[in-house]
There are 2 protein chains.
Amino acid sequence: MAELPEHKKLYEALRRLISDGVYAEGDLLPSENELSSVHGVARHTVRKALDRLVVDGYILKHQGKGSVVKGVPKGIGILSLMSTTSAVGDNILTTKIIGRPEVRAWKEAFTFELSDVEKEVGCIYFERLRSLNGKPVFYDITMLPNLNFPRFTSLNLENKSLFDVLRTKYQIEVTGGVQQIFAIKADAKLQEHFRVRPGHPVLRLNRKLNTNKMGVYIYSQVFCITDELGLSGTF
Amino acid sequence: MAELPEHKKLYEALRRLISDGVYAEGDLLPSENELSSVHGVARHTVRKALDRLVVDGYILKHQGKGSVVKGVPKGIGILSLMSTTSAVGDNILTTKIIGRPEVRAWKEAFTFELSDVEKEVGCIYFERLRSLNGKPVFYDITMLPNLNFPRFTSLNLENKSLFDVLRTKYQIEVTGGVQQIFAIKADAKLQEHFRVRPGHPVLRLNRKLNTNKMGVYIYSQVFCITDELGLSGTF
DNA sequence: AATATATATTTGTACGTACAAGTTTGCTAA
DNA sequence: TTAGCAAACTTGTACGTACAAATATATATT
């Protein structure tokens with residue numbers, strides 16, 4: 001395991017403290033000079049760590065005041081749910097894997113083209129149906145290239161943990177991506193999954209996610225019912 | 001007019017060169033040392049400017065190689081169009097302002113709540129209908145607080161230039177925001193604008209954009225037909 | 001000519017200093 | 001008590017140095 005640079009170590013440490021709630025929203029982080037002396041690094045290194053926290057949306061900086069904790073940012077792109085009527089908060093979101101993750105061939109990923117390498121190795125494929133308070137709201141298909149993912153098919157793939165699993169188990173970080181969004185009418189398959197009538201409006205997202213590994217992309221297609229819940233995202 | 005800091009001036013200069021196509025996609029920027037000596041600033045200052053170009057998606061950096069131009073990034077959040085069948089490229093996107101920008105009172109901005117200050121000053125309101133090759137695809141409502149926007153109602157509000165106008169004329173930069181996305185059925189008003197039948201699926205976006213000015217937010221609601229075009233965005 | 005090696009170039013990390021600018025805090029004087 | 005002011009604190013800008021790591025280039029060797 002390679003040694004991380006100092007500014008990245010500090011970034012990860014502070015990020016964890018915010019994620020774990022040690023520093024809550026509105027709190028002030030220790031000053032740059034304090035972090036500098038405590039962690040035994042130069043102020044410049046501290047600033048680099050804080051810069052990334054700002055970019056990632058964890059903190060806000062105010063000259064003369066300090067670094068104010070903003071909170072844990074929403075998922076990359078559009079991932080979080082938001083109720084139109086009331087707060088979503090403690091509603092129960094259950095995730096059901098349809099079938100098991102399996103390896104199969106692929107020639108294209110929705111509207112995205114694949115490289116020759118990706119075509120050759122095939123993909124890990126799985127579908128999920130997520131329900132809020134018993135009502136299905138999400139149906140998504142995920143495809144990963146069958147590369148460097150030992151024992152992936154036997155992992156528990158919960159909603160929130162997918163990116164964490166990729167980062168911690170396989171050192172793969174999602175750095176960005178592209179998505180296309182459509183409003184469509186529910187087809188037979190979606191009518192069945194969502195238990196809606198023909199013609200019901202459904203949101204469709206085609207997504208291609210970039211990672212820190214050259215040539216490794218994650219593809220997913222998400223269908224969503226937005227009758228009571230809008231898809232919410234920050235940017 | 002306040003003097004911009006050196007790193008920001010350099011950032012703006014390089015950004016402009018990329019936007020204008022002087023540095024095209026795939027080109028290498030001058031090295032950090034070269035930029036340093038040419039512009040008469042320290043390498044650290046150059047790096048800060050380049051850092052922001054990386055964050056904004058204009059360039060990619062490779063250790064030992066240099067800074068490779070990535071191109072002009074897509075709009076913040078979801079702004080750009082993308083064809084499902086072929087490249088959009090040179091299709092003609094026309095923008096029509098429905099009515100003129102006008103000042104009016106407001107009590108809420110779509111699903112977003114307003115501050116007391118915002119309610120008091122009222123808002124600048126305008127609607128736009130954008131068509132691709134004669135077919136209407138975008139209908140959007142924009143609302144700005146009636147603050148610090150002298151002569152705004154007499155400006156030409158083209159599609160691409162809104163953010164540029166805000167930045168250059170009023171020193172207001174959009175730093176991020178929140179959006180909610182829904183798939184809905186076209187109501188009477190949308191049926192008329194888009195010339196579609198009842199029940200046609202339409203994309204709706206409610207957006208609240210943050211700016212660098214404290215307390216100044218931009219609100220917009222966008223309706224979009226995605227029959228042939230998906231809404232595309234990078235993140 | 002092809003390969004291996006050494007050199008130069010370029011970005012990454014990390015340290016340091018100094019001062020400017022904005023905010024908070026505490027003190028002093030009215 | 002209040003108001004004003006000075007000091008302390010915190011982040012922003014900008015300069016400098018040094019070396020590491022990755023890439024590109026030129027050189028030498030086979």
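Each chain gets a letter, A, B and so on, in the order the sequences are listed, and its residues count up from 1.
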State which of [options] makes the closest approach to the side chain of [X].
X: A/Glu32; options: D/dT11, C/dC15, D/dA14; answer: D/dT11
X: A/Arg43; options: C/dA14, C/dA18, D/dA14; answer: C/dA18
X: B/Ser31; options: C/dT10, C/dT23, D/dG12; answer: C/dT10
X: A/Lys48; options: C/dC15, C/dT13, D/dT11; answer: C/dT13

Q) When you check the gap from the basic side-chain N to the acidic O, do A/Glu102 and A/Arg100 get nearer than 4.0 Å? A) no
Q: Run the salt-bridge test on A/Glu32 and A/Arg47 with the 4.0 Å N-O cut-off and return the result as yes or no.
A: yes
Taking only N and O in the side chain of [X], is any of them less than 4.0 Å away from OP1 or OP2 of [N]?
X: A/Ser67; N: D/dT11; result: yes
X: B/Thr45; N: D/dC15; result: yes
X: A/Arg47; N: D/dG12; result: yes
X: A/His7; N: C/dT13; result: yes

Q | Set of salt bridge (Lys or Arg N to Asp or Glu O under 4.0 Å) partners for A/Glu6, sequence neighbours left out | A | A/Lys9
Starting at atom [atom1] of [X], determine the distance to atom [atom2] of [N], rounded to an integer number of angstrom.
X: A/Leu50; N: D/dG12; atom1: CG; atom2: P; value: 9 Å
X: B/Leu4; N: D/dA14; atom1: CG; atom2: C1'; value: 15 Å
X: B/His39; N: D/dC15; atom1: NE2; atom2: P; value: 13 Å
X: A/His44; N: D/dA18; atom1: NE2; atom2: P; value: 17 Å
X: A/Leu35; N: D/dC9; atom1: CG; atom2: P; value: 16 Å
X: A/Asn33; N: C/dG16; atom1: CG; atom2: C1'; value: 13 Å
X: A/Glu6; N: C/dA14; atom1: CD; atom2: P; value: 5 Å
X: B/Lys61; N: D/dT23; atom1: NZ; atom2: P; value: 15 Å

Q) Between the side-chain atoms of B/Gln63 and the base atoms of D/dA21, is any donor-acceptor pair under 3.5 Å? A) yes
Q: Report the residue from A/Ser67, A/Ser37, A/Pro30, A/Ser36 that forms a side-chain contact (heavy atoms from CB on, under 4.5 Å) with A/Val46.
A: A/Ser36
Q: Starting from the 5' end of DNA chain C, give me the residue, A/His62 or B/Asp51, whose nearest nucleotide shows up first.
A: B/Asp51
Q) Can you list the steps and then say if B/Tyr23 with B/Leu29 is a side chain to side chain contact (heavy atoms under 4.5 Å, CB included)? A) CA-CA 7 Å; B/Tyr23 294 120; B/Leu29 288 187; 3.5 Å; yes
